[in-house]
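Before any comments, here is the structure.
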Amino acid sequence: MLYRQRLGTAVAGYWRREPMALLRLRPGRDDPYAIYDRMRRAGTLAPTPLGNWVTTSHRVCNVVLRDRRFGAAPPGPQARSGGAGQDLSFLEMNPPDHTRLRRLVQPAFSPRQIAGYRPRVEHTVEALLDRVAAGNRFDLVSALAAPLPIAVITDLLGVPDANAERFARYGALIGGAIDGVRSMSHAARLRAASAELGALFESLFELRRREPADDLVSALVAAEGDQVKPGELLSLCTLLLIAGFETTVNLIGNAVNALLDHPDQWAALCAAPEDLAERAVEETLRFDPPVQRTGRFALEPLELEGKPVQPGQIVVTLIGAANRDPEVYPEPDRFDISRAPSVDHLAFSSGIHYCVGQPLAKLEAVIALRALAERMPRLRRAGAVKRRNANTIRGPIRLPVRR
Ligand code: HEM
């Protein structure tokens, strides 16, 4: 079955040049933006071969993400996806369940809490960069982009240091499946990883029920009962773990990658890291966002861009395309950290599912870029970048550099 699906995608993509299929193949991994440009010519809303809809338009993406006639779950009683440990909790729920669970985790990301994480993020970045010896070649992903978000999210959840590495390993396996299951053996590995991660979390829940601490898991187990229903806790924590590091690693990777591709921009950042790190992060989020797409189910019959959308049909919102929509951004393919757009990018989505971890992701990326620019202004490439084999999540898995 999986094999037949993959063959079908290859035929549709390479032979029929069908863009939705091409996005899932190598051309989509190498340069999805060229494919989005082709798709843009089909108008602001186009049918997909699977009987759904797709949009590359910033305006239409924003409308769909905000319109309450659309939902993250299909209409009708909410069913759990459950496949291979990929139940992504309230990310895949509609109100009122979405509202109830989101409200519980929101306080952990308040401006005050985020300001409190700053010293720990700074300390972690400095310690990671201390390990990179002068003159040496190193992989920016394994040296900085990956370990930073893992350290931060395990700390925020309250995972004991001794277990952090195992949480990260199983979480990465499950997070990698956001782009789909590749083979039977991949499915088996995912099932095993979910079972291991589940057991690790269960023992953490036990610990925090007995010995509450000042962390998010303690707050969540204290809310078990009315606010967190039986069976909801594990997927909620899995969502936070995976969302916490599967995305931020790519933001840092994509930022350094784009900056090294544009030496004038890297030089500008190094001349004023304090002032420009935030702008460089914002421009990366627009230019090369870690989450390239999401989608919404129509909850009722409706009309969009003059076309009839039936309940249960999905509108795929191509965030990566929306962020380069020429209607909204002049010269959208130009990476320019001095850009001050009048319209927000959609890298963190929009509407009620707008990324709850956004301030934390930005804090980590800004501190990482600033420290790199301050400490390693001569940073340059030392080999070819290798991209992850995925199309929803975009970022390097290996980025060889020399300081
Ligand atoms: C650069 C880093 C990040 C990016 C690009 C990103 C992107 C996104 C996007 C696009 C969504 C919404 C998906 C949709 O509308 O269907 C989302 C939701 C979410 N993100 Fe992030 N995220 C990042 C970092 C984080 C971090 C660090 C955390 C937590 C520690 C986090 C936690 C969440 C959660 C819990 C949701 C679900 C929100 C809801 O459904 O109401 N994210 N993120």
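Index from 1, following the sequence. Whatever order the structure lists them in is the order used to number ligands and atoms, beginning at 1.
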D31 side chain to P27 main-chain N or O, any donor-acceptor pair under 3.5 Å? no
Take every heavy atom of A72, measure it against each atom of ligand 1, and state whether any distance is under 4.0 Å. no
Within a distance under 4.0 Å of any heavy atom of F90, pick out the atoms of ligand 1 and give their elements. 35 (C), 37 (C), 38 (C), 39 (C), 40 (O), 41 (O)
I need the atoms of ligand 1 closer than 4.0 Å to a non-hydrogen atom of R296, numbered in the order shown. 14 (C), 15 (O), 16 (O)
In terms of side-chain geometry, is the basic nitrogen of R339 or D336 positioned less than 4.0 Å from the acidic oxygen of its partner? no
Using the rule given for side chain to side chain contact (heavy atoms under 4.5 Å, CB included), can you reason through L91 versus R102, listing the C-alpha separation, both sets of side-chain angles and the distance that settles it, and then say yes or no? CA-CA 9 Å; L91 178 61; R102 181 168 169 124; over 6 Å; no
Residues, nucleotides or ligands: over 12 heavy atoms within 6.0 Å of R68 CZ: no
Which of the atoms in ligand 1, numbered in the order shown and given with their element, are less than 4.0 Å from a heavy-atom of S349? 10 (C), 12 (C), 14 (C), 15 (O)
Please work out whether any backbone atom (N, CA, C, O) or any side-chain heavy atom from C-beta onward of L156 is under 4.0 Å from ligand 1, and answer side chain, backbone, both or neither. neither
Give the residue and atom name of whichever protein heavy atom lies nearest to atom 40 (O) of ligand 1, and the separation in Å to one decimal. H353 ND1, 2.6 Å
Hey, does E92 sit under 4.0 Å from ligand 1 if you only count heavy atoms? no
Sidechain N-carboxylate O distance under 4.0 Å for E305, R59: yes
Please state which protein non-hydrogen atom is closest to atom 6 (C) of ligand 1 and give its distance, to 0.1 Å? F348 CD2, 3.7 Å
Here the atoms of ligand 1 under 4.0 Å from any heavy atom belonging to A361 are 1 (C), 2 (C), 24 (C)
Can you sort out which atoms of ligand 1 are near I153, meaning under 4.0 Å from one of its heavy atoms? 30 (C)
May I ask you to test the F90-S235 pair for a side-chain heavy-atom distance under 4.5 Å? no
Counting from 1 in the order shown, the ligand 1 atoms closer than 4.0 Å to a non-hydrogen atom of H98 are 39 (C), 40 (O), 41 (O)
Check: H58 ring centroid to H345 ring centroid under 6.0 Å: no
What atoms in ligand 1 come closer than 4.0 Å to a heavy atom of A347? 5 (C), 7 (C), 10 (C)
Look at ligand 1 and say whether I352 reaches it with a heavy atom at a distance under 4.0 Å. yes
If we only consider heavy atoms of E364, is any one of them less than 4.0 Å away from an atom in ligand 1? no
T294 heavy atoms within 4.0 Å reach ligand 1 at atoms 14 (C), 15 (O), 16 (O)
Is R131 salt-bridged to E126, going by a charged N under 4.0 Å from an acidic O? no
Protein contact of atom 13 (C) of ligand 1 - nearest heavy atom, named by residue and atom, plus distance: L91 CD1, 3.7 Å
Could you tell me whether R208 and D215 have a side-chain N and a carboxylate O separated by less than 4.0 Å? yes
When you measure from the heavy atoms of F109 to every atom of ligand 1, does any distance fall below 4.0 Å? yes
R189 CZ: over 12 foreign heavy atoms closer than 6.0 Å: yes
Can you report which non-hydrogen protein atom sits closest to atom 23 (C) of ligand 1, along with the distance? T247 OG1, 3.2 Å
Any donor-acceptor N or O pair under 3.5 Å, side chains Y33, D288: yes
Of the choices T99, V356, L216, which has the non-hydrogen atom that lies closest to atom 36 (C) of ligand 1? V356
Protein heavy-atom partner closest to atom 42 (N) of ligand 1 - residue, atom, separation in Å: C355 SG, 3.0 Å
Just wondering, more than 12 heavy atoms not from E122 lying within 6.0 Å of its CD? yes
